[in-house]
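Single-structure report; data block below.
We use all heavy atoms of the structure for the numbers below, so side chains are in, but hydrogens, waters and symmetry mates are not.
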Amino acid sequence: HPSTRVFTMTIAIEPTANAHIIALQGQVNSANAATVETEVLAVVQQGARNVLLDMRELSYISSAGLRVVLVLAKRLKQAGGKLVIYGMQPHVREVFDISGFLAILNVAASRSEALEQF
């Protein structure tokens with residue numbers, strides 16, 4: 001049987017005074033998107049309204065991963081909150097751009113710039 005390569009994905013959650021910072025490290029793909037979605041939505045369920053998505057160490061995102069980001073943004077909007085994304089690597093940014101997501105999401109260049117949006 002062909003070996004299945006499981007890519008490691010780390011989610012680090014850091015609550016700050018202004019926002020919850022969720023750092024995605026590694027890859028978000030169809031194999032782990034459901035887990036990622038559960039974890040990031042749990043932050044909203046626990047009361048976070050302002051969420052910062054740190055993508056500096058995200059090396060790959062699939063369409064399943066894009067959907068997770070969209071679900072998170074929608075959930076925060078419904079709760080009266082906001083999602084800001086920063087630190088996208090060029091090839092990750094390109095995926096967001098091609099899918100039209102850059103036009104509908106709040107994207108900042110740096111952490112400080114992202115925090116200023118709250």
Side-chain angles (χ1 to χ4, degrees):
H1 60 89
S3 64
T4 318
R5 198 159 154 221
V6 179
F7 296 103
T8 53
M9 171 73 208
T10 313
I11 302 174
I13 298 164
E14 178 197 341
T16 70
N18 303 338
H20 276 69
I21 299 169
I22 301 176
L24 299 178
Q25 298 154 339
Q27 306 199 347
V28 182
N29 52 43
S30 53
N32 63 17
T35 308
V36 174
E37 183 171 335
T38 303
E39 291 203 31
V40 297
L41 290 182
V43 176
V44 183
Q45 280 158 352
Q46 287 156 17
R49 290 299 166 259
N50 294 337
V51 175
L52 207 49
L53 217 46
D54 173 355
M55 293 194 169
R56 287 173 306 170
E57 292 182 43
L58 184 71
S59 58
Y60 172 83
I61 190 162
S62 71
S63 54
L66 285 175
R67 198 191 71 81
V68 172
V69 174
L70 209 57
V71 168
L72 176 63
K74 205 183 227 175
R75 188 71 54 89
L76 283 164
K77 198 172 184 177
Q78 287 165 351
K82 188 178 186 180
L83 174 70
V84 180
I85 301 165
Y86 80 99
M88 282 186 194
Q89 291 185 28
H91 54 279
V92 169
R93 192 184 175 93
E94 197 178 325
V95 174
F96 277 83
D97 194 16
I98 291 166
S99 60
F101 282 21
L102 283 186
I104 55 171
L105 295 168
N106 301 305
V107 180
S110 65
R111 177 175 166 143
S112 54
E113 189 187 298
L115 282 167
E116 280 168 20
Q117 297 198 35
F118 297 117

Pairs where residues 68-80 contributes a residue and the test side chain to side chain donor-acceptor pair (under 3.5 Å) is met, not counting sequence neighbours: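 Every candidate side chain to side chain donor-acceptor pair (under 3.5 Å) pair involving residues 68-80 fails, so no pair, neighbours aside, qualifies.
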Treating Ile, Leu, Val, Met, Phe, Trp and Tyr as nodes and any side-chain heavy-atom pair under 4.5 angstrom as an edge, say whether [X] and [Y] lie in one connected cluster.
X    : Y   : value
L76  : L52 : no
L115 : M55 : no
V44  : V84 : no
I85  : Y60 : no
V95  : V71 : yes

Suppose we screen for side chain to side chain contact (heavy atoms under 4.5 Å, CB included). Which residues come up paired with [X], at least two apart in sequence or across chains?
X   : result
N50 : A19, K82, F118
A79 : R49
E94 : I98
E14 : T16, I21, R111

Just how far is it from atom [atom1] of [X] to atom [atom2] of [Y], taken to the nearest 0.5 Å?
X   : Y   : atom1 : atom2 : result
I13 : L24 : CD1   : CG    : 9.5 Å
Q89 : I61 : CD    : CD1   : 11.5 Å
R93 : L58 : CZ    : CG    : 14.0 Å

Side-chain donor/acceptor of H20 to backbone N/O of G47, under 3.5 Å: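 Not confirmed, H20 side chain does not pair with G47 backbone.
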Pairs involving residues 54-65, ordered by first then second residue, that meet salt bridge (charged side-chain N to carboxylate O under 4.0 Å, His left out) (sequence neighbours left out):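 As it turns out, the salt bridge (charged side-chain N to carboxylate O under 4.0 Å, His left out) pairs with a partner in residues 54-65, which skip direct neighbours, are D54-R56.
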Which atom of Q27 lies closest to which atom of M9, heavy atoms considered: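 Nearest pair, atom of Q27 first, then M9: O-SD, 3.0 Å.
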Distance-only donor-acceptor hits, side chain of residues 62-70, under 3.5 Å, sequence neighbours excluded:
| from | atom 1 | to | atom 2 | distance (Å) |
| --- | --- | --- | --- | --- |
| S62 | OG | A64 | N | 3.2 |
| S62 | OG | G65 | N | 3.4 |
| R67 | NH2 | E37 | OE1 | 2.6 |

Please list, one pair per line, the donor and acceptor atoms closer than 3.5 Å that link side chains of residues 101-110 to other protein atoms, with sequence neighbours excluded.
| from | atom 1 | to | atom 2 | distance (Å) |
| --- | --- | --- | --- | --- |
| N106 | ND2 | L83 | O | 3.0 |
| S110 | OG | S112 | OG | 3.3 |
| S110 | OG | E113 | N | 3.2 |

Heavy-atom check, side chain of Q117 versus side chain of Y86, under 4.5 Å: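 No; the side chains remain at least 4.5 Å from each other.
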